[in-house]
Amino acid sequence: MRLEDLVRASVAEAVTARGWTVPAEIPVDRAARPEHGDLTTRVAFHLSREFGAPPAEIAARLASELAAHPPFAKVEPVGGFVNFTLRPEAVHDVLRKILADGEAYGRGDEGRGKAVQVEFVSSNPTGPLTIGHLRQAALGDVVAELYSRLGWRSIREYYLNDEGRQMDLLARSLWARYRQACGDDQPVPADGYHGEYLAALGEELARAWGDRYPGWDESTRAVFREEAVARVMAMIHEDLDAIGVRFDVWTREGDLHRRGLVQEALGELQRRGAVYEKDGALWLASTKHGLSRDPVLIRSDGTPTYTMVDIAYHLEKRERGFDLVIDVQGADHVDEQQQVLLALKILGFPGGFLRYCLHQFVTVKGEEGIQRMSTRAGRFLRLKDLVVEVGRDVARYFMVRRKPQSHLVFDLALARNTSMENPVYYVQYAHTRIASLFREAEREGIAPPDLRTVDLSPLTDPCELALIKELDRFPDVVRIAAHEFAPHLLCEHVESVSGLFHPYYARVRVLGQGPVTAARLTLLAAVRHVLAEGLTILGVSAPEEM
RNA sequence: GCGCCCGUAGCUCAGUGGACAGAGCGUUGGCCUCCGGAGCCAAAGGCCGCAGGUUCAAAUCCUGCCGGGCGUACCA
């Protein structure tokens, strides 16, 4: 049994024995300080509210009730807390459980029979992906993986917004670059896309097509738009390949129009009286529901806005039968998110159907100081180039190491650093060292320990017990990281495991220690397993050799 | 102006209302013939932005300020 559950069950038993009612939640925490033992419960505070007795008194009674429970070496009331010190055997049982569970350790079944869609990146095809998109790509991919660990069927989806004004601007910018390559002095529009990538494409097109498109007209626009989108999508695919993110479904905006979903959604909103007409446009009455502005849904020229299509898209998502939809978006979309959430509420969607995973932007700390990315201004670090430079593992790990809603400063110098100062290598190196140790054991003819017969009693070193107790947290970390869209908790966990392992490894010899060797190898097999699982969830490799 | 996010060690950041606030980097001082040194140990370093409030208990919840980011489009 997991350690917290062990304490929880014992406390429930003691509470019942005392004749009190067991609270719905029995809070059990890891002890903050060594003198508080291993685990602690504040349940006495809760019982105190209910029964009037002082917390310290309740804690004392519970402690005396629990003192004789076999898993505990010591049960001590301090103030209103009850602190538990575990017997080593109870800790060793966790180790057995981890190894016996194997693949299943850290997985859950809360999502059995349910499907979640994670929509992320969804970048307009106006340029290659940048380090800014990387955060979203890494985040979305990990969130999808976390949910699948909890038993959900998870779908990774990219919404391809390849219609509208921005695409025209892109086409016009590319055409200007093409004309420049033909020798014309044609400027890129001020509000167009100024990146070098279009200049390179323009030159290619000039070579291929010669002077075929001297002037800007409707048919030229169509040609350049199609060409631009195709070329840019090829770049985006290269970038996604570079970081190893694969999408299951690509949804194009055009499909939503063709299937009449926009009309359907609009009609539904109108029927519910949520839409009004003003200045020839149709607006969503949002301020009535406390939002700060009303967005246009249908422009006066009859075309739907991004917001309108976005609402229709969520109608489509529901029709596809998802139980949960997670949209990963940058901080510039908050207003949009509030509008969509409101629209879905008006349309009678169940609350909690759509959850936004919102993230702040990335700045890069490099030679030129701190800079923000801008695709439009052509000021960006292309994702693929970054991966070539620091590697996929580092690129991805750095992006999910921080809480999504915090600003992230990408430290290029630290990313380039290949020593253990770089947290990615620190964790990977822990895994590698253990792998190496097992190879060495094999060379020396030491068989891997048999879980059924191995004697774990030699594992008495505080470091060894601390390691097992940390490994015991892994399933909770996975669950919480998923629910709170917080992959950084997983980084923290694998770093913490590694941080316990490295000093231990430096101090303690494993091989050639008689019966101790088998016990220590068992421990390290579990450490290796959890590190490998954690890294895999994060989309980072767990190398056997470095 | 209004909305959302952030403010914690020199830097980058953790911290589901609980006990004396943590990690990595950086700084300083030690150690290292041994299974992978791409190390190990230790120290210094803090009015948790400010002020109120709720609570037995606040970095955490509420209110008001201050500072930074993003948004506030018939762009996406």
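Labels below follow one simple rule: chain letters A, B, ... track the order of the sequence lines, proteins then strands, and each chain is numbered from 1. All figures in this text were calculated on a predicted structure; none of them were measured in a lab.
A centroid separation of less than 6.0 Å is found between the aromatic rings of A/F474 and A/H493. Side-chain rings of A/Y505 and A/F501 approach one another, their centers coming within less than 6.0 Å.
At the heavy-atom level, A/E444 lies nowhere under 4.0 Å from the strands shown. Across all strands shown, A/S406 has heavy atoms under 4.0 Å from sugar-phosphate atoms exclusively, and none from any base. Contacts of A/Q338 with the nucleic acid, taken as non-hydrogen atoms under 4.0 Å apart, involve only primed sugar atoms and P, OP1 or OP2. Among the heavy atoms of the strands lying under 4.0 Å from A/V508 is at least one base atom, whether or not backbone atoms are also near. A/N83 comes within contact range of at least one nucleobase, with a heavy-atom separation under 4.0 Å. When heavy atoms are screened at a 4.0 angstrom cut-off, A/H36 is found touching base atoms of the nucleic acid. Within 4.0 Å (heavy atoms only), A/T40 reaches at least one base atom of the nucleic acid. Residue-level contact check: A/D279 touches the bases, meaning some heavy atom is under 4.0 Å from a base atom. Across all strands shown, A/L291 has no heavy atoms under 4.0 Å from either base or sugar-phosphate atoms.
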Nucleotide-level pairing of RNA chain B, given in dot-bracket where Watson-Crick and G-U pairs need both distances under 3.5 Å and | marks other strands: (((((((..((((....[...)))).(((((.......))))).....(((((..]....))))))))))))....
Could you pull out the protein-nucleic contacts involving nucleotides 21-26 of chain B (nitrogen or oxygen on both sides, under 3.5 Å)?
{"from": "B/G26", "atom 1": "OP1", "to": "A/E421", "atom 2": "OE2", "distance (Å)": "3.3"}

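An OP1 or OP2 oxygen of B/C5 is reached within less than 4.0 angstrom by no side-chain nitrogen or oxygen of A/K403. Dashed line: the shortest gap from a side-chain N or O of A/H483 to OP1 or OP2 of B/U16 is not under 4.0 Å. Residue A/S436 places at least one side-chain N or O closer than 4.0 Å to OP1 or OP2 of B/G36.
With centroids closer than 5.5 Å and planes inclined by less than 30 degrees as the test, A/H333 and the base of B/G71 fail to qualify as a stacked pair.
Separating the CZ atom of A/F81 from the C1' atom of B/A57 is a distance of 8 Å, rounded to the nearest angstrom. Counting to the nearest Å, the C1' atom of B/C74 and the CZ atom of A/R165 are 11 Å from each other.
Contact annotation: side chain of A/Q513 to base of B/C35, donor-acceptor pair absent below 3.5 Å. For B/G18, its base sits under 3.5 Å from the side chain of A/R42 at one donor and acceptor pair at least.
Judged by the 6.0 Å distance and 45° axis criteria, A/K317 is positioned over the aromatic ring of A/Y313.
Side-chain atoms of A/Y505 lie closest to B/G36 of the nucleotides B/G3, B/U16, B/G36.
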